[in-house]
Amino acid sequence: MALNFFDTHTLLASVQQLEPLHTFLLDRYFPTNSATDVFATDDVLVEYKKGSKKAAPFVAPRKGGITILRDGYTVKRFTPSYIAPKRTLTIDDLNKRGFGEALYSQLTPQQRQAVLMLRDLDELRTMNERRKEAMAAEVIFTNGCVMDEYVDDLHTFEEKEVRFYDGPQNPAVYTPSAYWSTTEASGKQILSDVAAMIAMLTRRGLPATEVLVAPDVADVILANEWILKLLDNRHYEIGGVDPAVLPSGASKICRLNIKGRMIDFLSYEDTYTEIDGTVKSFIPQGMIAVCAPSAGRTIYGAVTQLEQADGEFHTYAGVNVPKYLSDARSNVRELILTSAPLCMPNNENPFITARVIAAT
């Protein structure tokens with residue numbers, strides 16, 4: 001039996017064989033466990049626990065033990081919106097030289113079709129990753145996310161919102177008494193503000209090991225003379241300037257001793273382009289977030305689509321699900337790569353955010 005390259009299962013295997021993409025926010029704060037986080041249904045379970053620091057009670061020897069009830073957790077059902085970019089393939093694409101191809105290539109249109117489809121799959125997958133990275137940033141800094149579901153090509157959309165807190169306001173926000181600057185007083189405030197944000201996590205038994213900062217905030221920290229003097233003190237380990245480059249535009253700018261805790265300050269400079277052409281930073285200007293790695297995870301709902309091969313609906317559980325369409329009348333083929341992701345926290349309010357520089 002000949003292998004049908006355009007079959008969804010074959011294309012799905014091709015996507016899975018592509019070299020893994022690495023994104024900073026998704027990899028560090030929202031990793032995916034393929035065994036538990038990829039659902040076989042359109043709906044996914046949004047569940048997170050409240051932090052707890054319960055201490056066991058003393059008991060009399062004759063008592064034997066005291067029953068401690070298990071902590072509750074929040075469970076909600078949610079249907080993630082689809083991310084579904086598509087790419088067309090026409091006769092003109094097959095008859096002209098492709099990007100990176102030799103000037104006088106020996107590839108036939110049929111061979112060029114396979115090359116282009118694999119390249120398109122990789123580019124569409126990269127687009128999906130950028131959208132998920134933007135979702136991860138939104139969850140970190142707003143404790144929720146808004147998904148714009150387009151019903152007409154880039155013109156009409158409906159908003160779908162998910163929040164990971166109850167009430168009208170996000171409780172995971174810290175408000176500093178003043179904006180940060182390069183003065184000595186501001187240097188002391190930087191340490192006290194971060195210490196207060198750390199306490200908002202540790203009081204609930206949640207870890208706090210690093211501070212994620214926007215590039216403009218990193219500039220203020222590294223230009224603060226008082227902070228630099230502390231980092232240059234050789235007699236006491238107050239911190240250190242230990243730059244380290246992390247994947248995908250992130251870097252460790254310094255490590256500071258915050259009340260005995262060695263806290264890494266990470267700057268993330270990467271950007272993405274929205275559908276209207278505007279370039280946005282993943283980390284909003286003037287913002288910081290106190291957090292720890294693996295504070296959340298990314299889950300995926302199943303993708304249901306109508307297959308051209310048999311005219312029936314089929315459901316696929318996967319991170320990226322391809323779909324192939326052909327229009328013999330117009331001599332056009334389309335390739336769609338669909339994903340239904342949702343970034344969510346493992347515990348309630350694991351990211352404490354603050355605006356430390358005035359918005360421009």
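All residue numbers refer to positions in the sequence shown, counting from 1.
Checking Thr41 against Asp43 by side-chain atom types alone, no donor-acceptor pair falls below 3.5 Å. For the residue pair Asp193 and Tyr174, a side-chain donor N or O sits within less than 3.5 Å of a side-chain acceptor on the partner. Between the side chains of Tyr300 and Lys132, at least one donor-acceptor pair of N or O atoms lies under 3.5 Å. In this model, no donor atom of one side chain and acceptor atom of the other lie less than 3.5 Å apart for Tyr272 and Glu129. Counted by atom type alone, Gln189 and Tyr179 present zero donor-acceptor pairs between their side chains at under 3.5 Å. Defined by atom type and a distance below 3.5 Å, a donor-acceptor pair is present between the side-chain atoms of Asp42 and Thr304. No donor-acceptor contact under 3.5 angstrom links the side chains of Asn143 and Arg163, judged on distance only. With 3.5 Å as the limit, one finds a donor-acceptor pair spanning the side chains of Glu149 and Ser81.
One hydrophobic cluster holds both Leu222 and Ile227 under the rule that ILVMFWY side chains link at heavy-atom gaps under 4.5 Å.
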- Message: Between Trp180 and Ile288, does the side-chain contact (heavy atoms from CB on, under 4.5 Å) criterion hold? Intermediate values first, please.
- Response: CA-CA 11 Å; Trp180 293 0; Ile288 70 169; 3.7 Å; yes

- Task: Run the numbers on Met147 and Leu342 for side-chain contact (heavy atoms from CB on, under 4.5 Å), then give the verdict.
- Result: CA-CA 10 Å; Met147 306 174 188; Leu342 179 64; 3.5 Å; yes

- Message: side-chain contact (heavy atoms from CB on, under 4.5 Å), that's the test. Do Arg131 and Met127 meet it? Break it down for me.
- Response: CA-CA 6 Å; Arg131 177 54 60 192; Met127 293 179 190; over 6 Å; no

- Message: Walk me through whether Phe351 and Phe30 qualify under ring pair (Phe, Tyr, Trp, His ring centres under 6.0 Å).
- Response: CA-CA 12 Å; Phe351 302 98; Phe30 299 94; 5.7 Å; yes

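Listed here is the closest heavy atom pair of Leu201 and Ala208: CD1-CB, 3.8 Å. Smallest separation of non-hydrogen atoms from Met135 and Pro341: CE-O, 3.6 Å. The minimum heavy-atom distance linking Ile352 with Met200 is given by the pair CG2-SD, 3.7 Å. Pairing each heavy atom of Ile299 with each of Met344, the nearest pair is CD1-SD, 3.4 Å. The nearest pair of heavy atoms linking Ala292 to Tyr29 is O-CD2, 3.5 Å.
Here CG of Asn349 is found 6.5 Å from CG of Asn170. Values are rounded to the nearest 0.5 Å. Between the CG atom of Asp120 and the NZ atom of Lys86 there is a distance of 13.5 Å, given to the nearest 0.5 Å.
With Arg355 contributing its side chain and Gln285 its backbone, the two residues share a donor-acceptor pair below 3.5 Å. The closest donor-acceptor contact from the side chain of Thr23 to the backbone of Leu25 lies at 3.5 Å or more, if one exists at all.
Heavy-atom contacts from other residues, nucleotides or ligands closer than 6.0 Å to CD of Glu161 number more than 12. Atom CD of Glu158 has 12 or fewer heavy atoms from other residues, nucleotides or ligands within 6.0 Å.
Contacts classified as side chain to side chain donor-acceptor pair (under 3.5 Å) and involving residues 213-225 (residues at least two apart or in different chains) are not found.
Only one option out of Leu212, Ile253, Val217 pairs with Phe265 in a side chain to side chain contact (heavy atoms under 4.5 Å, CB included); it is Ile253.
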